[in-house]
Amino acid sequence: MSVSQFKVDSHGRRTHTCGALRAEHVGQTVVLKGWVDSRRDLGGLIFVDLRDRYGITQIVFNPEHNAETAKMAESLRFEFVLSVKGTVREREVAAKHAGMPTAAIEVMADDLILLNTSEPLPFMVSAAESRETTASEDLRLKYRYLDLRRQELKNNVLLRHRVYQAVRRFYDGEDFVEVETPVLMKSTPEGARDYLVPSRVHAGKFFALPQSPQTYKQILMVAGMDRYFQIVKCFRDEDLRADRQPEFTQIDVEMTFATEDLVFETAEGMLAQIWKDVKGVDLELPFPRMTYDAAIRTYGSDKPDLRFGMELHDLNPAFKGCGFRVFDSVIDEGGAVVGFVVKGGGDTGRGKLDKLDKDIVRKKLGGGGLIHFRLPSDGSELQSSVKAEVLPTEFVQKAIEQTGAEQGDMVLVMAGAAPKVFMQMGDLRLHMAREEGLVEESADGPWKFLWVTDFPLLEYDEDEGRFFAMHHPFTSPQAEDMDKLGTDPGAVRAQAYDVVLNGSEIGGGSIRIHNSEVQRQMFDALGIDEEEAQMRFGFLLDAFRYGAPPHGGIAFGLDRIVMLLTGASSLRDVIVFPKTQSAQEPMVQSPDVVDAHQLRDLHIQLITKEDDAD
RNA sequence: GGUCCGGUAGUUCAGUUUGGUUAGAACGCCUGCCUGUCACGCAGGAGGUCGCGAGUUCGAGUCUCGUCCGGACCGCCA
């Protein structure tokens, strides 16, 4: 393709997009612009599917109609950029394209202008060819601009846009003020690793990118903003997962004079608005609520997936005094025997169960060994993995009765220290549900929302030998647990909550401490002394002394919400330019080295690996 | 930091179990034919650093070690 073949675009503006034309436009002269999605050259007639963001329209080139234009069309290839002037006409056989909105018509080309060519593609972009791409993610990320032309990713971007708009419309309507908080802020010792930004002006000092705008939004409440929200980038320098990126987007919300009920109600309204706008679905409000304790005991997780049953049962009552040493010692030591029913699992083979025990329970969950009771579907007698001489059948029967298992079912059981054993069984529950095909990620629901409430305020870290804030250090204890803060910190419940959808945590928040004395006690429990508190959070403690109102809020993971709405299996499919698992971006190839003088300006000296004694 | 899976033509994969002649297929690309296709069709052709580096061997895509890259998970992530 020589340069001379490019002409000035004398067609002027497009009259329609590639998704706009219908039967009613037949007879009109139109100008369309877009990419060659595919081309079918029949020797004489040439058909080109012209694609833009809005859709695809079939263009016909006919040598009898316009020989020069048809000749040009022979050289068209995938992803060439065209302007086409032509006449809309009825399509002879539209039936084959029932799903295509423009199927009723086609455009007979009068004139063609080649706006740009394309080299052969590293992978197929065509809407017809690759609704689900087979290209490796590596390649897709390197050529992200091509990947984003694909229907699937393009739709994710457009859906994400609609989520932004729904969020803004909702909060604006509820008197929330959108405020931008600084991206260059201050490192905080708790929580995730910070991304740091060196200061040129202040040698040896660093900004940190926000893990969330937490302290700023609290200050805004003290400042009397009353209701705040922000769609904001947050940064955490921790290892990646399919649902975890180092930079991600939060819908950040804070309200003055908030109670948990008020936060829940508002959050539900916002989520309902998203689902209404994006999916046309009316969510059932209010969402069910469950305490953290109940979630752990019933689902072995602080983010229960309610799309299926398989609830956990504490079988301690059934096995108390059963004589089976494993159970007896666990129960005596305050642990738990936990089981759940696998419906229709009564005929599961021994080999499969051994594999489950070895590969999943022991290797992956670190569990102490799986016990099973099978009730064969042919009505034959109970099969226990523990011999009746060791674990008398009467106790097993009692346990089976408690779980509600029927003939044809299986009960899986593990014993161990609580609450760890509950969480291991919770993981096993998810594993079995996937195995049994009970959960399917789908963009069409079902949508099982849930509030998990009454989180512990603190959790004990064995390695460090001290308590850490489970949510963050500004979370308010529950009033009735206040006196335990000094005596039994682990037992204090927080006014903290998560909102869970289909087993994913999509948001979390708390009612905050607004009193500097309570905040001081909290720092005390965390082992942060007066001096350190003043250094790290002095600004907040100061602010609390000037009429700080009670306040609270919540932050939602926007990327995860979009992931669930689109049915995407990875966060990378709902972020336009995501990082790989090793936190790199293959297209621009970041991170990268910088010039020596840049480092000098920043007062930074690099150390080699050998110097790095750590 | 750890466990596991993968890396072969532009792309997606087969071939690795059991080392052995010229490393195959499909799609894409190129050439020719084809006037109602819509994953158009037909015929022919070009296209390979078997991720990289060592090693074992007469001989390595295939075996061993190391390393890089991608992915899933554990640790980590209030």
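Order of the sequence lines sets the chain letters (A, B, ...), proteins ahead of strands, with each chain counted from 1. Here the structure is a predicted model, which is why all the values come from computation and not from measurement.
- Atom NZ of K142(A) has 12 or fewer neighbouring heavy atoms from other residues, nucleotides or ligands inside a 6.0 Å radius.
- Side-chain to base pairing of R91(A) with rC38(B): one donor and one acceptor N or O lie within less than 3.5 Å of each other.
- Between rG7(B) and rC52(B), the two P atoms lie 13 Å apart (nearest whole Å).
- Residue S212(A) is classed as a base contact, given a heavy-atom separation below 4.0 Å to a base.
- On the P atoms, rU37(B) is 47 Å away from rU22(B), given to the nearest whole Å.
- You'll find the ring centres of Y497(A) and F264(A) inside the 6.0 Å limit.
- With C1' as the reference atom, rU57(B) and rU11(B) are 35 Å apart, rounded to whole Å.
- Ring geometry for H551(A) against F544(A) counts as tilted: the plane angle lies between 30° and 60°, on a 0 to 90° scale.
- Backbone-only engagement by L139(A) is indicated by non-hydrogen atom pairs under 4.0 Å involving sugar-phosphate atoms exclusively.
- The CD-C1' distance, from Q581(A) to rG75(B), rounds to 13 Å in whole Å.
- Distances from the side chain of T580(A) to the nucleotides rU37(B), rG71(B), rG28(B) place rG71(B) closest.
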I'd like a list of close polar pairs between nucleotides 44-46 of chain B and the protein, N/O only, cut-off under 3.5 Å.
none

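- Contact annotation: side chain of R244(A) to base of rC77(B), donor-acceptor pair present below 3.5 Å.
- One interatomic measurement links the two molecules: CZ of F78(A) to P of rC30(B), which rounds to 10 Å at whole-angstrom precision.
- The shortest non-hydrogen separation linking P213(A) to T181(A) is CB-OG1, 3.4 Å.
- Across the protein-nucleic acid pair, Q58(A) atom CD and rA39(B) atom P stand 10 Å apart, rounded to whole Å.
- At least one donor-acceptor pair under 3.5 Å links the side chain of D559(A) to the backbone N or O of T249(A).
- Among the atoms of the strands shown, only primed sugar atoms or phosphate atoms (P, OP1, OP2) are found under 4.0 Å from some heavy atom of Q584(A).
- Pairing of rC58(B), defined by two Watson-Crick or G-U wobble distances under 3.5 Å, is identified with rG20(B).
- As a whole-Å value, the separation of K303(A) NZ from rC77(B) P is 13 Å.
- Looking at heavy-atom distances under 4.0 Å, D237(A) makes no contact with the nucleic acid at all.
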task = Would you check, one step at a time, whether the test side-chain hydrogen bond (donor to acceptor under 3.5 Å, both in side chains) holds for S590(A) with E585(A)?
result = CA-CA 5 Å; S590(A) 65; E585(A) 203 268 81; 5.0 Å; no
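- Taking atom C1' in both rC68(B) and rA54(B), one finds a spacing of 15 Å when rounded to whole Å.
- Pairing for rG28(B) is absent, with no Watson-Crick or G-U wobble pair whose two atom distances lie under 3.5 Å.
- Among the heavy atoms of the strands, none lies under 4.0 Å from E119(A).
- Within the 4.0 angstrom heavy-atom criterion, only backbone atoms of the sugar-phosphate kind lie near D138(A); the bases stay farther away.
- Side chains of R77(A) and S75(A): a donor-acceptor N/O pair is absent below 3.5 angstrom, by distance only.
- Spacing between rG15(B) and rG61(B) at atom C1', rounded to whole Å, works out to 8 Å.
- Each of rG71(B), rC34(B), rC77(B) was ranked by its minimum atom distance to the side chain of D41(A); first place goes to rC34(B).
- In this structure, CG of L42(A) is placed 12 Å from C1' of rC42(B), rounded to the nearest angstrom.
- The stretch residues 424-438 of chain A participates, sequence neighbours left out, in no side chain to side chain donor-acceptor pair (under 3.5 Å) pair at all.
- With a cut-off of 3.5 Å on both Watson-Crick or G-U wobble distances, the partner of rG66(B) is given as rC52(B).
- Checking rG75(B), rA72(B), rU37(B) against every side-chain atom of D239(A), the shortest atom distance belongs to rG75(B).
- Position along RNA chain B of the nearest nucleotide to L141(A) versus P122(A) favours P122(A) as the more 5'-ward residue.
- When atom types are taken as modelled, the side chain of R560(A) and the backbone of D243(A) share a donor-acceptor pair closer than 3.5 angstrom.
- In this structure, R149(A) forms no cation-pi arrangement with Y145(A), as its terminal cationic atom is not both closer than 6.0 Å to the ring centre and no more than 45° off the ring axis.
- Judged by distance alone with a 3.5 Å cut-off, a donor-acceptor contact links the side chain of R241(A) to the base of rG75(B).
- A gap of 6 Å separates the C1' atoms of rG19(B) and rA60(B), to the nearest Å.
- Look at the C1' atom in both rU21(B) and rC73(B): the space between them is 44 Å, to the nearest Å.
- Going from atom CG of D147(A) over to atom C1' of rU11(B) covers 13 Å, rounded to whole Å.
- For the C1' atom pair drawn from rU35(B) and rC40(B), the interatomic distance equals 12 Å after rounding to whole Å.
- The ring of F47(A) lies on top of the base of rU37(B), close enough and flat enough: under 5.5 Å between centres, under 30° between planes.
- Among the nucleotides rC40(B), rU12(B), rC73(B), the one closest to the side chain of S136(A) is rU12(B).
- Checked against the 6.0 Å centroid threshold, F474(A) and F537(A) count as a close aromatic pair.
- If E137(A) and R39(A) are placed on RNA chain B by their nearest nucleotide, the residue sitting closer to the 5' end is R39(A).
- With a 3.5 Å ceiling on both atom-pair distances, rC38(B) lacks any Watson-Crick or G-U wobble partner.
- Atom-to-atom, CG of L45(A) to P of rC33(B) comes out at 16 Å; the value is rounded to the nearest Å.
- Contact annotation: R89(A) does not reach the phosphate of rG36(B) (side-chain N/O to OP1 or OP2, under 4.0 Å).
- Taking side-chain N and O atoms only, R40(A) has no distance below 4.0 Å to OP1 or OP2 of rU37(B).
- The separation between K579(A) atom NZ and rG71(B) atom C1' is 18 Å, rounded to whole Å.
- Proximity note for E106(A) (side chain, C-beta onward) versus rC77(B), rU37(B), rC29(B): the nearest is rU37(B).
- Checking rC73(B), rC77(B), rC38(B) against the side-chain heavy atoms of E238(A) singles out rC77(B) as nearest.
- At a threshold of 4.0 angstrom between heavy atoms, the contacts of R77(A) are confined to the sugar-phosphate backbone, with no base atom among them.
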